[in-house]
Structure formats: structure tokens, C-alpha cells
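Note sheet for the following structure.
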Amino acid sequence: MVQGIEKKNIFNKAIYKRKYIELINKEKEEFNIELMAYCIMDNHAHMLLKIKDNNSMSKFMHKINFMFAQYYNYMECDRKGYVFRDRFRS
């Protein structure tokens, strides 16, 4: 589970939800992760992942959240700073 910083609605536009799903699907192969299910709401997202080891999940979450934060900050008129409250919770 990931949540917007200060519980803000970071997935409040369809384009942001699509981008996050796109990043998940693009990076899951590199980290040997299987996406079983997901639910993306306006201020947080849940994922059910099948993983080989915790280290790959941590690296996977870091990468997709970092890439999404760069995209989100650019799209929000060159916003700066963190997008997610924490890297993830599991």
C-alpha cells in the first residue's frame, strides 16, 4: 500500500492512475514480480504482489514510486518534493 503525502489525493486524475499502472506493468518483469491484483483510489493504492524475496519488492516499490513522483511533480506545474507518505507499507 502507498499513500499520498499528508493523505493528499495524488491519484485524483485518471491520467495519474494510468501512469502508475503503466509503471507497475513496465517494471514488474525486471524485479520478477507478479501483480495479482490492485486497487488505486484517489489518495492511495493497494497491490497484491507475488514476490521471490523482500529485497526485490523494496527495490521495485522504490523505483515505481520514484518514477511516478518525477512524473507527478512535472505534471503539477513543476511541483517539488515528496509525493508519497512513505515508500510503502506491507
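What you see is a predicted model; the values in this text were computed from it and never measured.
The minimum heavy-atom distance linking I64 with I24 is given by the pair CD1-CG1, 3.7 Å. Of all the heavy atoms in F11 and I40, the pair that sits closest is CG-CG2, 3.6 Å. Considering every non-hydrogen atom in both G81 and N73, the closest pair reads O-ND2, 2.9 Å. Taking both residues in full, the closest heavy atoms of N43 and K8 are given as CB-O, 3.3 Å, listed atom of the first, atom of the second, then distance.
Note that the CE atom of M67 and the NE2 atom of H62 stand 11.0 Å from one another [nearest 0.5 Å]. The distance from atom CD of E22 to atom OH of Y71, rounded to the nearest 0.5 Å, is 8.0 Å. The CZ atom of F88 sits 9.0 Å away from the CE atom of M47 when rounded to the nearest 0.5 Å.
Contacts of D86 classified as side-chain contact (heavy atoms from CB on, under 4.5 Å), with partners at least two apart in sequence or in another chain: R89. Partners of D42 by side chain to side chain donor-acceptor pair (under 3.5 Å), not counting sequence neighbours, listed by chain and number: K17. Y16 pairs by the side chain to side chain donor-acceptor pair (under 3.5 Å) definition with E76, not counting sequence neighbours. Taking the ring pair (Phe, Tyr, Trp, His ring centres under 6.0 Å) definition, one finds that H46 meets it with H44, sequence neighbours left out.
Follow the hydrophobic side-chain contacts under 4.5 Å out from M1 and you never reach I21; the two are in separate clusters. Cluster annotation: V2 and Y38 are assigned to the same hydrophobic cluster (Ile/Leu/Val/Met/Phe/Trp/Tyr, side-chain heavy-atom contacts under 4.5 Å, transitive). Hydrophobic clustering, with ILVMFWY side chains joined whenever heavy atoms are under 4.5 angstrom apart, keeps V83 apart from M41. Clustering ILVMFWY residues whenever any of their side-chain heavy atoms sit less than 4.5 angstrom apart, transitively, puts Y72 in the very cluster that holds Y74.
Note on ring orientation: taking the six-membered ring where Trp is involved, the planes of Y20 and F68 are perpendicular (angle over 60°, cut-offs 30° and 60°).
Environment of CG in D53: crowded, with over 12 heavy atoms of neighbouring residues, nucleotides or ligands closer than 6.0 Å.
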Go through it in stages, so that I can follow the logic: the residues are F60 and L49, the test is side-chain contact (heavy atoms from CB on, under 4.5 Å), and I'd like the CA-CA distance, side-chain angles, deciding distance and then a yes or no.
CA-CA 11 Å; F60 170 75; L49 305 172; 4.0 Å; yes
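Residue Y82 is found in a hydrophobic cluster whose other members, listed by chain and number, are I5; membership requires side-chain heavy atoms under 4.5 Å apart, directly or through intermediates.
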Which pairs of donor and acceptor atoms, one on a side chain in residues 27-37, lie under 3.5 Å apart (sequence neighbours left out)?
{"unit_1": "E27", "atom_1": "OE1", "unit_2": "K63", "atom_2": "NZ", "d": "3.1"}
{"unit_1": "K28", "atom_1": "NZ", "unit_2": "N25", "atom_2": "OD1", "d": "3.3"}
{"unit_1": "E30", "atom_1": "OE1", "unit_2": "K63", "atom_2": "NZ", "d": "3.0"}

